[in-house]
Enquirer: 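The structure's right below; bear with me while I get my questions together.
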Amino acid sequence: MSLATAGSFARSLPDLCSAGHGRSAGHGPREGTAASPQPGESCRSNGALCCGARPLAVTHRCRHATLAPGPHGGVPGRAALPRGRSGGLLSRLQISAPTIRTLSSSKPFSQNIPSCLWKLGRLNHVAIAVPDLEKAQSLYKDVLGAQVSETVALPEHGVYTVFVELGNTKLELLHPLGEKSPIASFLQKNKTGGMHHICIEVDDIKAAMTELKEKKIRILSEEPKIGAHGKPVIFLHPKDCHGVLVELEQA
């Protein structure tokens, strides 16, 4: 039933209710029945409140509604409101509305996602491989005015390192140490040098290693090594990190 049909049906209800008081289509009150209530009044029969001449909502129930006989007592001229039924479309909407509100107010299903046993911290440094360590030190110290550390040799990693302090993080200048230095092979492909890796702190490097291995992230050493800051570090394979060599350092 459309809303327009429901509205038309609602406007016909006063006539239907009037039929219950003995008024058929085109006739006055039937003998032995009560007159139809006047505007503003209401009738009561058998303890039930009738609509009277007041405007009706579609959901109103009139227990006096019957079939109004036709002009000659034959087929009814107008169907009265069915006994025990009311409202049609709008009544069903009123019944279903609480259900809709209940469904919409229900809490969404949430999944219990276990949290990591470790987490990333701040960016510790960005490492840059340089073919001439002294010239690089001079650039950052004498030209750019940064605070530059002394050169530190790390034979285990095959590099010389110099740190440039930047306030919120550091630069690490790398230069090859020894014939098997990984920085030497890097500089063979990049003659003028370039960014080598980034270093991020973690709060639990052992837990990080365990979980990363479970997630198929390759680690370039079986155990952490001691890095330039005297703390354990590991390196993640660049092919598993979108082309970037990532160093994790114990915070």
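Just the heavy atoms: all of them, side chains too, but no hydrogens, waters or symmetry mates, feed the values below.
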Enquirer: Do you know the tightest heavy-atom contact between L220 and L245?
Expert: CD1-CD1, 3.9 Å
Enquirer: Looking at CD1 of I128 and NE2 of H175, how far apart are the two atoms once the value is rounded to the nearest 0.5 Å?
Expert: 15.0 Å
Enquirer: Report yes or no: do L117 and I219 belong to one cluster of Ile/Leu/Val/Met/Phe/Trp/Tyr joined by side chain heavy-atom distances under 4.5 Å?
Expert: no
Enquirer: Over all heavy atoms of both residues, which pair between I205 and P232 is shortest? Give the atoms and the distance, please.
Expert: CD1-O, 3.5 Å
Enquirer: How long is the span from the NZ atom in K216 to the NE2 atom in H237, to the nearest 0.5 Å?
Expert: 15.5 Å
Enquirer: To check you understand the geometry: which heavy-atom pair defines the closest contact between A127 and L174, and what is its length?
Expert: CB-CD1, 3.7 Å
Enquirer: Does atom CD (E150) have a neighbourhood of more than 12 heavy atoms from anything else shown, all under 6.0 Å?
Expert: no
Enquirer: Quick check: are there more than 12 heavy atoms from other residues, nucleotides or ligands sitting under 6.0 Å from CD of E165?
Expert: yes
Enquirer: Can any side-chain N or O of K191 pair as donor or acceptor with the backbone N or O of Q188 at less than 3.5 Å?
Expert: yes
Enquirer: List the steps, then state whether side chain to side chain contact (heavy atoms under 4.5 Å, CB included) holds for L212 with D240.
Expert: CA-CA 11 Å; L212 291 172; D240 296 337; over 6 Å; no
Enquirer: Atom OG of S149 and atom CD of Q137: how far apart are they, to the nearest 0.5 Å?
Expert: 7.5 Å
Enquirer: Examine V162 and L139 and state if one hydrophobic cluster contains both, with Ile, Leu, Val, Met, Phe, Trp and Tyr joined whenever side-chain heavy atoms are less than 4.5 Å apart.
Expert: yes
Enquirer: Would you name the heavy atoms of W118 and D204 that are closest together and state the gap between them?
Expert: CB-O, 3.7 Å
Enquirer: Under 4.5 Å between side-chain heavy atoms, counting indirect links through other Ile/Leu/Val/Met/Phe/Trp/Tyr residues: same cluster for Y160 and M195 or not?
Expert: yes
Enquirer: Can L236 be reached from L120 by stepping across I, L, V, M, F, W or Y side chains whose heavy atoms are under 4.5 Å apart?
Expert: yes
Enquirer: With side chains defined as the heavy atoms from C-beta onward, is the minimum distance between H197 and E172 less than 4.5 Å?
Expert: yes
Enquirer: Does S181 reach the main-chain N or O of G178 with its side chain, forming a donor-acceptor pair under 3.5 Å?
Expert: no
Enquirer: When the ring planes of F163 and H229 are compared, do they come out parallel, tilted or perpendicular, using 30° and 60° as the limits?
Expert: tilted
Enquirer: If you measure from SG on C199 to CZ on R122, what distance do you get to the nearest 0.5 Å?
Expert: 9.0 Å
Enquirer: Specify the closest pair of heavy atoms between H157 and V233, including all atoms of both residues, with the distance to one decimal.
Expert: CE1-CG2, 4.2 Å
Enquirer: Measuring from atom CD of E247 to atom CD1 of I200, what distance do you get when rounded to the nearest 0.5 angstrom?
Expert: 10.0 Å
Enquirer: Would K206 and E223 satisfy side chain to side chain contact (heavy atoms under 4.5 Å, CB included), going step by step from the backbone distance to the final call?
Expert: CA-CA 9 Å; K206 286 288 189 179; E223 294 294 332; 2.8 Å; yes
Enquirer: Could you state the interatomic distance from NZ (K213) to CZ (R218), rounded to the nearest 0.5 Å?
Expert: 14.0 Å
Enquirer: Is any side-chain heavy atom of L173 less than 4.5 Å from a side-chain heavy atom of L133?
Expert: yes
Enquirer: Check whether any side-chain heavy atom of K170 sits under 4.5 Å from a side-chain heavy atom of N124, and report yes or no.
Expert: yes
Enquirer: V152, I183: one ILVMFWY side-chain cluster at the under-4.5 Å cut-off?
Expert: yes
Enquirer: How close do A251 and E201 get, counting heavy atoms only, and between which atoms?
Expert: CB-OE1, 3.9 Å
Enquirer: State, yes or no, whether a side-chain contact exists between L166 and L171 at a heavy-atom distance under 4.5 Å.
Expert: yes
